[in-house]
Amino acid sequence: MARANGRVAALLHEYAELLAIVGSDAFKARAYEKAARAVAGHHEDVGGMDEAAIRSIPNVGKSIAGKAAEILRDGTFQGLEDLRAEVPEGVRQLAAIPTLGPKKALMLYRERGVSDVEGLLDAVNTGKLRGLRGFGPKTEQNILAGVSLMRRAGERVPLNVALKVAEEIVAAISEIPGCERCTYAGSLRRGRETIGDIDILAAASDSTPLMERFVDLPQVAEVIAHGDTKTSVRTYAGLQVDLRVVPPECWGAALQYFTGSKAHNVRVREIAVRQGLKLSEYGLFDAESGALLVADTERAVYERLGLAWIPPTLREDWGEVAAAAKDELPTLVEVKDLRGDLHSHTDLTDGVATLEDMVAAAAARGYEYYAVTDHAPDLTMQRMTLDKAREQRERLRELQQRYPDMRLLHGSELNIAADGSVDWPEEILAEFDVCVASVHHQFRLSAAEQTRRLIRACENPRVHVIGHLTGRRMGRRDPIDLDFDAVFAAAARTGTALEVNGGPQRLDLKDEHVRWARRHGVRFTIDSDAHSTTQLEYVRYATLTAQRGGLTSDEVINTWSYQRFSEFLERKRSAS
DNA sequence: GCCGTTTTCGGCCCGACTGTTTTCAGTCG
């Protein structure tokens, strides 16, 4: 079963939101928010901790530890239930709309009786918000745009959420006697950035025990359909999960079929047809005689069609079938190729783990080098100062003694101002081993302005990496407008790496931008942007995205030996 | 509500931006 941390953090977070809506002490709401983040990012499973141990988590005091214990025992806590009774669920959803917040959500509810998103749209469209203090025409436009942004994220869930659910279910199904194989397929196996529903595939001669166990899993809230070969359920998190059970002998054909994408499968079936063959989830057949040719492994199916096995992350009909026919598929970068992480935060700025804990967690991943890149002073809310940065550097240098096998790099995540300048002057930047520069505000400049801004950042000799280039946050914020060709060309020309950020709401660059940028000869990093020890694993999602972009390890600088990697940084300094 | 201490209270994420306002509240990062 998953760590209890996520569950506890979710309820603390909900409580914080409700406190903000009902207008309690803002600092109290923030205390719950901080505690939720601390619990979510804590390295130990709170499910196995007593109240005193929970209290030892930073930013969790007596009161919140008590509530966490209550959650572990009862699944909720009284204070939360009281507020839930006071504030309709829909009002919380209103506060989640970009540009709305707790205050405006409550105002809509109190003054106009708006208690869900539908009601809000109706109120805007029928002019019911006219005259409401603080709600002018621009606000109405922003509401419509915000709802549209959320709707576009739709019912889909982030990759990481779906992956966790799928892995739990696959583990449970795999344990059932008679289950010979089990894995997830569909868009999840292809590593898409969001997932609509989860497809689980299992191989067994007798499907009955698997189906029976599946509908009984603790995650299952509702059974949508229940048959011999396919059963669909909805989890408590609202995710639809389909389990399909196939005979073991057609595992490969079924996995190929259910992994998709649809466009990829159409392309592959066309090739089969041209060869007088027929491909289905049951196998590859001779079209004329109907004789089964192969079905047991994916590789055998592809090979019988004259194709190299195609990694699932490439199966989007973006040219991978033609490449497979010519045996020209790239050897994709994998998580195990990563020798370092170049973007992470500690509690000196907005991370929740100490420098020591982050370094220890990075070492546990087996990295050869690891950069701590806390925010620089322009993100004023983080209150970074030069003194603090230098003191952190001293601590890191001392820590280095304890990690002879991992090179500790002192870095900074710089903030790119609207004019393309960054927080610190050249001589200060020179003190850092590595600098990631990112956009954190001014998201609405014109494409021309954003392009100038980013090109100037690339041209800074002390900027080695551009972090999360487009600044998008799925369902929350659109990407900035850019002339991508111009920025990619500048990155390639100046030897500035572009980051594939693994934050599940970011995944920025996204797959298509990676493909686009690599045509310019850009180098990349695969980074976690971790704000806690557990988030170091976000490189997993960045790697899937990089794979979808077709990246090989040769294009990703943090798969390189430290020697080669440091030469890349050095060239940047001297070239620009 | 948490935390640190010049410790049992007082400060806590602060400044910019937006849209509304006509001096500021709400939202965001």
Side-chain angles (χ1 to χ4, degrees), chain A residues 11-13 15-39 54-68 70 77 79-80 83 94-108 110-111 124 129-146 149 345 347-352 354 374-385 388 413-419 423 438-445 467-468 470-473 475-478 480 501 503 505-506 508 529 531:
Chain A
L11 295 189
L12 294 176
H13 177 78
Y15 191 61
E17 285 185 346
L18 291 172
L19 285 174
I21 290 171
V22 300
S24 94
D25 175 13
F27 290 111
K28 182 171 163 183
R30 190 172 299 164
Y32 275 92
E33 194 53 58
K34 276 165 79 174
R37 270 173 24 96
V39 169
I54 294 172
R55 178 137 162 48
S56 72
I57 299 173
N59 295 311
V60 177
K62 188 165 186 291
S63 172
I64 295 183
K67 291 181 173 74
E70 208 177 327
F77 60 96
L80 177 63
L83 279 185
L94 295 182
I97 296 170
T99 73
L100 280 191
K103 295 287 184 296
K104 283 186 170 167
L106 187 67
M107 194 160 187
L108 288 165
R110 291 260 166 90
E111 303 292 327
V124 172
L129 301 188
R130 301 286 154 74
L132 187 55
R133 189 181 170 77
F135 287 79
K138 285 279 184 63
T139 301
E140 290 191 350
Q141 287 308 308
N142 285 338
I143 287 172
L144 295 177
L149 188 62
H345 298 273
D347 60 4
L348 183 60
T349 57
D350 56 351
V352 299
T354 63
D374 271 315
H375 290 287
D378 278 4
L379 234 57
T380 49
M381 62 177 171
Q382 307 300 353
R383 297 197 299 180
M384 177 60 97
T385 63
K388 285 190 193 174
E413 183 183 12
L414 304 168
N415 183 50
I416 306 175
D419 66 358
D423 313 48
S438 319
V439 168
H440 294 105
H441 59 64
Q442 298 272 60
F443 297 101
R444 290 187 182 183
L445 302 180
H468 48 73
T470 76
R472 73 161 179 173
R473 289 183 57 212
R476 296 290 302 167
R477 187 170 65 220
D478 280 324
I480 59 175
N501 184 296
Q505 267 73 38
R506 291 193 184 272
D508 183 11
D529 196 359
H531 287 67

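Lettering follows sequence order; numbering is per chain, from 1.
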Closest approach to the side chain of A/P137, judged atom by atom: which nucleotide of B/dT20, B/dC13, B/dC2 is it?
B/dT20
Closest non-hydrogen contact found for A/A418 with A/L445 is CB-CD1, 3.9 Å
With rounding to the closest Å, how many angstrom separate the C1' atoms on B/dT23 and B/dT18?
15 Å
Can you confirm if the NZ or CZ of A/R130 lies within 45° of the ring axis of A/F135 and under 6.0 Å from the centre of its six-membered ring?
no
Take the protein atom CG of A/D25 and the nucleotide atom P of B/dC2, then report the distance between them rounded to whole Å.
12 Å
Looking only at side-chain N and O atoms, does A/R473 come under 4.0 Å of OP1 or OP2 in B/dG29?
yes
Could you give the CE-to-C1' distance, from A/M107 to B/dA25, as a whole number of Å?
10 Å
Quick note, A/K103 side chain, CB onward, closest among B/dG29, B/dC2, B/dG26 is B/dG26
5' priority, DNA chain B, between A/Y32 and A/F27 [closest heavy atom]:
A/Y32
Separation of A/E413 atom CD from B/dG29 atom C1', in whole Å?
11 Å
Separation of B/dG15 atom P from A/Q442 atom CD, nearest Å, is 17 Å
Looking at the side chain of A/R444, which of B/dG1, B/dG29, B/dG19 is the nearest nucleotide?
B/dG19
So which nucleotide does B/dT8 pair with, by the Watson-Crick or G-U wobble rule with both distances under 3.5 Å?
none
Looking at every heavy atom in both A/I21 and A/A95, which two are closest together, and how far apart are they?
CD1-CB, 4.2 Å
Given the C1' atoms of B/dG26 and B/dC13, what is the spacing between them in whole Å?
16 Å
Using OP1 and OP2 only, check whether a side-chain N or O of A/T139 sits under 4.0 Å from B/dT20.
yes
Classify the ring geometry between A/Y32 and A/Y15 as parallel (under 30°), tilted (30 to 60°) or perpendicular (over 60°).
perpendicular
Take atom CD of A/E33 and atom P of B/dC13, then tell me their distance rounded to the nearest Å.
13 Å
Taking the minimum atom-to-atom distance to the side chain of A/K104, which one of B/dT27, B/dG19, B/dC17 wins?
B/dT27
Testing B/dG1, B/dC13, B/dG19 for proximity to the side chain of A/R30, the answer is B/dC13
Between A/D374 and A/T349, which heavy-atom pair has the shortest distance, and what is it?
OD1-OG1, 2.6 Å
Which is true for A/F443 with a 4.0 Å heavy-atom rule: it touches a base, it touches only sugar-phosphate, or it touches nothing?
sugar-phosphate
Just call it for A/H441: base, sugar-phosphate, or nothing, with non-hydrogen atoms closer than 4.0 Å on any strand.
nothing
Which part of the nucleic acid does A/R133 contact within heavy-atom distance under 4.0 Å: base, sugar-phosphate only, or nothing?
nothing
Closest nucleotide among B/dG26, B/dG19, B/dC28 to the A/R476 side chain:
B/dC28
P-based separation of B/dG11 from B/dT6 [nearest Å]:
15 Å
In whole angstrom, give me the gap between the P atoms of B/dT20 and B/dT27.
13 Å
Rounding to the closest angstrom, what is the interatomic distance between B/dT8 and B/dG1 at atom C1'?
15 Å
Would you mind reading off the distance between A/K34 atom NZ and B/dG1 atom C1', rounded to a whole angstrom?
10 Å
Candidates B/dT20, B/dC2, B/dG29 - which lies nearest the side chain of A/K138
B/dT20
Toward the 5' end of DNA chain B, which comes first, A/P98 or A/F135, by nearest nucleotide?
A/F135
Tell me: CD1 of A/I64 to P of B/dC3, nearest whole Å?
8 Å
Output the rounded distance in Å from CD1 (A/I97) to P (B/dT27).
11 Å
Just checking A/N142: base, sugar-phosphate only, or nothing, at a heavy-atom cut-off of under 4.0 Å?
sugar-phosphate
Look at A/R477 and B/dC28 and indicate whether a side-chain polar atom (N or O) is within less than 4.0 Å of OP1 or OP2.
no
Does the pair A/V124 and A/L144 meet the rule for a side-chain contact (heavy atoms from CB on, under 4.5 Å), with working shown?
CA-CA 8 Å; A/V124 172; A/L144 295 177; 4.0 Å; yes
Which atom names give the shortest non-hydrogen contact between A/I54 and A/A68, and what distance separates them?
CG2-CB, 4.0 Å
